[in-house]
Each structure stands twice: as structure tokens, then as C-alpha cells.
Amino acid sequence: MLGRAVVCAAVLLLAHASAGQSGPTKVSGNDGPIPREYWGLHIHRAGALSAWPTGGFGSWRLWDAHVAWADLEPQPGQWRFETLDRDVELGRERNIEILLPLGMSPTWASARPGEVSSYGTGATAEPADLQYWRNYVRTVARRYRGRVSHYEIWNEPNLKQFYTGSVATMVELVREASIVLKEIDPAIVVVTPAATERGGLRWLDEFLGQGGAGPADVIGYHFYVAPAEPEAMVPLIREVQQILRRHGVTRPLWNTESGWMIPSRQLGVKPRGGNGLYSRVLDDDDAAGFVVRSYVLHWALGVSRLYWYAWDNQLMGLVEPDGRTIKTAGRAYETAWRWMNGAELRGCEGADDQPWICRLTRRTGDEAWIVWSPKGRKGLAIPEAWRVRYVNDLGGGRRALAAGERVEIGPLPLLLER
């Protein structure tokens, strides 16, 4: 342990000293091998896709997949399970764990049925009667018992375009849903409503203060930082973790949705102005680098799931709209999987203006390092003690490293191997 830290710190502190910077950020959160389920995705058009991730993924969040409450029960007692049945079966065939978000009220069940929403009139309101809610949760959980074991209660409740009720009402919905789910199958995992961005911190604090985490097994959050780089997630994740500690909550933390605008060769993706998610479209290289850096940093910070949004979204997707052409960022996702899945991440150190260095112990027992520089290109002197022999890039290239050679690094991560 000490030897590893000293080696990493030596490289970084030399760079910081020369630049007059303070010490680097150090993160080391999750222990043990990175599990298959850590690799989460959103897939909207599963039935129409001919290209699925070849590198693999382990968990699938069914948001914007036309399986919300309003889709399943558009009229009282009239159920439409065709799409959800298909997705659940696809998940079973591929051994992919499904996370099913619950919520978005049908108009007939809504407490405010005339409320305008892009998800249908009344969708953002809580149900007018808790019995409607209980019946919906019970019907879904019974149908998919043994096939769907992870449920998330509502989406981004701190944003009015998804939820217009009170925090107290959401706490009640979580409690009631959890009671029903656990009665049907005690093994079901309940994920809290996932607030989003910095604006969600206050909502989460109030939700936890009212006992919202009590019946839940996992805390969900959406660590969107766009248009900023993935490293901006570091302080946001830490702030959420501080809130959890303040309320004595020790449950796992999952990022159930994050992403950026990604270019497409088949569809013009353009920024929409402002300074939020839709204000910046990444180029191919940035998109590839952001995917890998996000998955590395989340695990290093102690976040135990990351569901990328999305595999096939028109504006933020890793695959082109035709459903079969995988983008550069999609290939980078698959490369990250090959580099990291099943490995143990021993920690990362870095800073915005200096290299990030993350050390892995891979399944074979061999050590490797993932390195990048968020701002510009820099030369990195590789310590002899690392015994690095090969440099791998996100495009699948691999070359031998000459003795004493400095490696030039930039925003696209490299894998250094013995």
C-alpha cells in the first residue's frame, strides 16, 4: 500500500512542484474487483437495434424506454406489457440485470391531471390516491418476480419537468412502494429517487432529513456536470457523500444516469445555447475520453454503479441513429470494459492541469495504469519500478515502450501494461 502511494505521488508531486500547484486530488473508494453490473447503460430502442455493446455490460436502466407507469397502464386496469415483456426477456437472454424506474403518473391517476408534461398530462404529479400507486407497483412486481429485482422510485424529482409534488409526498411514495415490493420478494433492491446536478443537493438533504432513505437499499443520484469535463464529478460526488454521512446513511451510492451531447455522422447534433447539458456537443475524441474517464473516476470515488445515458439516444448516444453503427465513443466504452472489468482499481491521483494516474490490478494479477491529462498534452516519465513494457490506446493500438521513454498523454486515456 505505502509503496504504491509513494510511486504515484512521486510522479505527480514533481509535476506540481514545477508548476507551483498544490497537491493532487487523491481518490480511492471501492474495494474488490469491478463487477459486471457496474457497467450500466440506457437502451431506448432495444427491439430495433442490430448493434449491442460487444464488450459487454451488466445492468440496464429502462428510462425513456416507453415503460413508465403511464405507458403500462394508460387507463385504469388496462395493462400494456408488450414492450416491457420484450425488454425483460432481452435482459434475461443476455444475463443483464434490469433497473426499472417506477413513476410518471397516468392522467387518470394523477393528482393534477391537467398539468402539462412532455411525458403526458399529469405525469409529473403524484398519484391522487395511494391505492392507485400500490396497485401499480404490486402488479408490475408480481408479473416480473424473479426477473426484475431492482426498482428505482421516480426520476429526477428535484426538476419540475419530472416531479411537481413535495419532498414529503415522495418520501411517502418510496415507503409505500418499498412495503409492496418487499412483500412480493424480500430480495428486491429499492433505489431512492435520483436527484440531479448541483441543484439536487438541497433536495437530497431534505429527502434524507425526512427519513427517505429508511426503506431503501441504494441511494441514487444523477451526476450530470455537462458541459464541464468528467473531473467536475469529483467534487459533486464528494458533496453527495458528505450529505449521506451527515444523515448517517451508509447505503451504496449509484449514478443511475449521466452523459453528454455526442456528435453523430448521420444526424446533425447541435448545441442549443445556455450553459447546461445541451450547450456543448463534444467532438469524437472528447466523447471517447469522457466515457472512459467517467467510469474510472466513479469507481475510484466509491460509486458502485454508473448507467451511461445512453447507448442509442439520438443526441447523446454511443451508437448512430441507424442502430448498428457504433460511434468512436461506443468503441471507447467497450475498450474501457476490456481494460477494467474484473480488475481492482487501487486508487487515482490527479488534477485538472496535471496528469491523472490510476493503478489497476488486473484479473491475471498483473499491474497496469490508466493515465490521462484533462488539459492539454504533457510528457509523463514512467518510473522504472512500474516495469511498463506496453502502451495501449482507446483505438485498440498497442506498442512497446522503449527504456526510459517519456509517454505523451492527453485527454484520451492510455493503458500502461507490464
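Only this structure's heavy atoms are used, side chains among them; waters, hydrogens and symmetry mates stay out. No experiment lies behind these values; they were computed from the predicted model shown.
The ring-ring contact (aromatic ring centres under 6.0 Å, His included) check on Tyr309 picks up His42, His44, with sequence neighbours excluded. With sequence neighbours excluded, no residue satisfies salt bridge (charged side-chain N to carboxylate O under 4.0 Å, His left out) with Arg145. For Glu93, the side chain to side chain contact (heavy atoms under 4.5 Å, CB included) partners two or more places apart in sequence, or in a different chain, are Glu89, Leu90. Applying the salt bridge (charged side-chain N to carboxylate O under 4.0 Å, His left out) criterion to Lys182, with sequence neighbours excluded, gives Asp217. For Gln210, the side chain to side chain contact (heavy atoms under 4.5 Å, CB included) test picks out Val167, Ala168, Val171, Glu206, with sequence neighbours left out. With sequence neighbours left out, the salt bridge (charged side-chain N to carboxylate O under 4.0 Å, His left out) criterion links Glu197 to no other residue. A search for salt bridge (charged side-chain N to carboxylate O under 4.0 Å, His left out) contacts involving Asp71 returns nothing, not counting sequence neighbours. In terms of the side chain to side chain contact (heavy atoms under 4.5 Å, CB included) criterion, residue partners of Ala226 (sequence neighbours excluded) are, by chain and number, Trp260, Leu277. Listed by chain and residue number, Arg377 satisfy the side chain to side chain contact (heavy atoms under 4.5 Å, CB included) test with Glu408 (two or more places apart in sequence, or in another chain).
Judged by a 6.0 Å distance limit and a 45° cone about the ring axis, Arg272 is positioned over the six-membered ring of Tyr278. A cation-pi contact links Arg94 to Trp52, judged by a cut-off of 6.0 Å to the six-membered ring centre and 45° from its axis.
Between Ile43 and the options Asp312, Ile96, Leu62, Asp87, a side-chain contact (heavy atoms from CB on, under 4.5 Å) holds for only Asp312. Evaluated for a side-chain contact (heavy atoms from CB on, under 4.5 Å) with Pro263, the options Asp286, Leu315, Val281, Thr328 yield exactly one hit, Val281. When each of His222, Glu152, His298, Arg305 is checked for a side-chain contact (heavy atoms from CB on, under 4.5 Å) with Trp254, only Arg305 meets the rule.
A disulfide bond (SG atoms under 2.5 Å apart) check over residues 311-359, counting only residues at least two apart or in different chains, returns the pairs Cys348-Cys358. Applying the salt bridge (charged side-chain N to carboxylate O under 4.0 Å, His left out) rule to pairs touching residues 107-125 yields Arg112-Glu115, Arg112-Glu126, sequence neighbours excluded. Note on residues 171-205: pairs passing ring pair (Phe, Tyr, Trp, His ring centres under 6.0 Å), not counting sequence neighbours, are Trp203-Phe207.
Here Glu417 pairs with Arg362 in a salt bridge; the nearest charged N to carboxylate O distance falls below 4.0 Å. Note on Arg36 versus Glu97: no salt bridge recorded, every NZ/NE/NH1/NH2 to OD/OE distance being 4.0 Å or above. Salt-bridge check for Asp284 with Arg331: failed, with every basic side-chain N at 4.0 Å or more from each acidic carboxylate O. Under the 4.0 Å criterion applied to side-chain N and carboxylate O atoms, Glu229 and Arg280 are assigned as salt-bridge partners. One finds a salt bridge joining Arg346 and Glu344 here, because a Lys/Arg side-chain nitrogen approaches an Asp/Glu carboxylate oxygen to under 4.0 Å.
Between Trp154 and Tyr163, the gap from one ring centroid to the other is short of 6.0 Å. The aromatic ring centres of Tyr132 and Trp108 sit less than 6.0 Å apart.
Tyr38 places a side-chain N or O within 3.5 Å of a backbone atom of Trp299 that can act as its donor or acceptor partner.
Within a 6.0 Å sphere centred on CZ of Arg80, heavy atoms belonging to other residues, nucleotides or ligands number 12 at most.
Atom NZ in Lys378 sits 8.5 Å away from atom CD1 in Ile409 (nearest 0.5 Å).
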